[in-house]
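Below is one structure, written out as structure tokens, with a few remarks after it.
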Amino acid sequence: MPSNLHKALLTWYQHHKRKLPWRGESDAYRILLSEMLLQQTRVEQAIPYYQRFLQQFPNLETLAQASQEDVLKAWQGCGYYARARNLHKLAQQLVFAGQALPCSSVELLALPGIGPYTAAAVASMAFGEPVATVDGNVRRVLSRLFAWEKPSPKQVQETADTLMAQLVNRRGDRDTPGNWNQALMELGATVCTPKNPSCGACPVAPFCQGKNHPERYPAAQKRLQKSLEMVALVLQGPAGVHLELRQGPVLGGLWGVPMEEDPGALERLLARFGLDKAEPVGAVRHDFTHRKLNIQVYKAPYEAKENPRQRPLSRLDRKILKLVETKSLRLL
DNA sequence: AAGACGGGGTG
DNA sequence: CACCCAGTCTT
């Protein structure tokens, strides 16, 4: 691979990079936060969370002092809540031990919620370590550059490592590991997109073996969605609604209305609260990546006192409460 | 190697 | 609707 690839991409990046809140940031905590937010999440979705989160938890210490519930409240609606739980846990681990964020990718990798991508991102952008970030963008850009239909993770990682190693031989101000990683990802996010890539505007098209059939590289992933029938029970009284803390991996740490999976869902819910009937309100559909939920919503009067605004809730639970709210208003 | 894990954008 | 997103952790 000619080293002009590096020059072409870095020059393009210098002139075309988007202005993002964490761009040019050198504080490792802020970079880590941005990278955690960006895991499987689009830039536009992450930005408001980044701003609000930093306002509330400006550094590792303030985050460590906070309750998990407050941290999840700041994360609510952003999805993949294990990210927030892990970030909080990581802050507590380090602060309790009197340590700052480690500066090597190997040490970062050992922390909860930090995998190969995030470790490389923080190490390269905050500390200048020459380690390659491999994310969905890099995988796609390299797949097209080398016309790989089914790239193996190993193949992608090794190639990204090689390109980073070649960068280290360059001497310009722009030729930093952080810039290189971000340039590759920025190209994937804005030019070498999954659908309708802008090959005509691509700075590395001269080096690209896949530009005539960009949509073939890499081949699309298959994923199946299971349909699930569920029942949710909204218990409400004058003082509020009944919410419970969700345990386990699904929406863990967030609060929500009682919900069960069919068959027998309604019966179990009624039994749990000693009720003999509830009023059907309507249905809510909600998709996860691997689930299609169809939720029948019921309501019943109950001595309940939670205020949903004061608890971290998922979009799913907000949707359910919203439905009950609008139906109730129509009765007035 | 496969699933699980949220929510939203795009074609 | 299908696929993807600056991934990570658990089977």
Side-chain angles (χ1 to χ4, degrees), chain A residues 13 17-18 20-23 25 31-50 72 75-87 89-90 108-125 131-143 150 152-154 156-157 160 178-190 192-197 215 218-228 246 248-254 256 284-293 312-319:
Chain A
Y13 178 64
K17 60 185 170 192
R18 293 168 292 179
L20 303 176
W22 47 83
R23 196 76 96 191
E25 186 56 63
I31 293 174
L32 173 61
L33 171 62
S34 70
E35 297 300 343
M36 296 282 288
L37 278 167
L38 289 167
Q39 290 169 11
Q40 294 292 283
T41 304
R42 288 165 200 281
V43 163
E44 307 75 46
Q45 189 186 349
I47 287 175
Y49 285 93
Y50 177 81
L72 284 168
W75 205 276
Q76 78 172 352
C78 197
Y80 282 161
Y81 299 98
R83 295 182 293 177
R85 299 195 301 268
N86 281 328
L87 186 58
K89 188 202 258 184
L90 168 168
L108 286 162
L109 190 55
L111 296 169
I114 299 190
Y117 166 78
T118 305
V122 174
S124 65
M125 295 170 201
V131 283
T133 51
V134 175
D135 71 338
N137 290 309
V138 173
R139 181 164 39 254
R140 185 175 54 258
V141 169
L142 296 186
S143 294
K150 294 193 64 178
S152 71
K154 186 176 164 201
V156 176
Q157 183 69 52
N179 262 350
W180 172 251
N181 281 333
Q182 291 182 78
L184 219 37
M185 293 190 283
E186 188 79 349
L187 186 73
T190 62
C192 194
T193 49
K195 309 284 182 191
N196 303 324
E215 66 290 345
Q221 312 263 341
K222 280 251 184 290
R223 70 188 74 190
L224 19 146
Q225 266 185 328
K226 245 177 69 179
S227 292
L228 248 46
R246 296 202 186 291
V250 185
L251 305 178
L254 280 73
V284 163
R285 305 191 65 91
H286 190 79
D287 289 355
F288 292 167
T289 302
H290 56 289
R291 290 279 146 79
K292 291 174 85 67
L293 306 183
L313 296 196
S314 67
R315 296 280 194 215
L316 169 57
D317 284 289
R318 294 202 169 284
K319 222 185 270 187

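When reading the values below, keep in mind they use all heavy atoms of this one structure, side chains included, and skip hydrogens, waters and symmetry mates. Protein chains get the first letters and strands the later ones, always in sequence-line order, with residue 1 at the start of each. Computed from a predicted structure; not experimentally measured.
- Residue contacts for A/Val138: at a heavy-atom cut-off of 4.0 Å it reaches no nucleic acid atom on any strand shown.
- Within the model, atoms OH of A/Tyr117 and CD of A/Glu35 stand 3.5 Å from one another, a figure rounded to the nearest 0.5 Å.
- Rounded to whole Å, the separation between the P atoms of C/dC4 and B/dG3 comes to 16 Å.
- When the P atom is used for both C/dT8 and B/dG8, the distance is 22 Å, rounded to whole Å.
- Although no hydrogens or angles enter the test, the distance criterion places no donor-acceptor pair under 3.5 Å between the side chain of A/Thr118 and the main chain of A/Gly115.
- Rounded to a whole Å, the CG atom of A/Leu316 is 13 Å from the P atom of B/dC5.
- Side-chain atoms of A/Thr41 and A/Arg83 include a donor-acceptor pair closer than 3.5 Å.
- When the C1' atom is compared between B/dC5 and C/dC5, the two are found 14 Å apart, to the nearest whole Å.
- Checked by atom type and distance alone, the side chain of A/Tyr49 pairs as donor or acceptor with a backbone atom of A/Gln76 at under 3.5 Å.
- Rounded to whole Å, atom P of B/dG3 lies 19 Å from atom CZ of A/Phe288.
- Here the P atom of nucleotide B/dG6 and the CZ atom of A/Arg83 are 9 Å apart, to the nearest Å.
- Distance A/Lys226 NZ to C/dA2 C1': 20 Å, rounded to the nearest Å.
- With rounding to whole Å, A/Arg246 atom CZ is found 15 Å from B/dC5 atom C1'.
- Of the two residues contacting DNA chain B, namely A/Asn196 and A/Ala82, the nearest-nucleotide position lying further toward the 5' end is that of A/Ala82.
- Across the P atoms, C/dA6 and B/dT10 are found 12 Å apart, a figure rounded to whole Å.
- For the pair A/Gln225 CD and C/dC1 C1', the computed distance is 9 Å after rounding to whole Å.
- The NZ atom of A/Lys89 sits 11.0 Å away from the CG atom of A/Leu111 when rounded to the nearest 0.5 Å.
- Here B/dG6 presents its C1' atom at 12 Å from CZ of A/Arg85, a figure rounded to the nearest Å.
- Side-chain N/O atoms of A/His286 include one lying less than 4.0 angstrom from OP1 or OP2 on B/dG7.
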Identify every side-chain donor-acceptor pair in residues 284-292 of chain A under 3.5 Å, counting partners at least two apart or on other chains, and give the distances.
from     : atom 1 : to       : atom 2 : distance (Å)
A/His286 : ND1    : A/Lys319 : NZ     : 2.8

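- The residue A/Lys292 sits close only to the backbone: its heavy atoms come under 4.0 Å of sugar-phosphate atoms, none of a base.
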If a protein heavy atom is under 4.0 Å from the base, mark B; if only from the sugar-phosphate, S; if neither, -; do that for nucleotides 3-11 of chain C going 5' to 3'. -BBBBSS--
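- For A/Tyr81 and B/dC5, the OH to P distance is 14 Å, given to the nearest whole Å.
- Residues meeting the side-chain contact (heavy atoms from CB on, under 4.5 Å) test with A/Ala132, sequence neighbours left out: A/Ala160, A/Asp161, A/Met164, A/Asn181.
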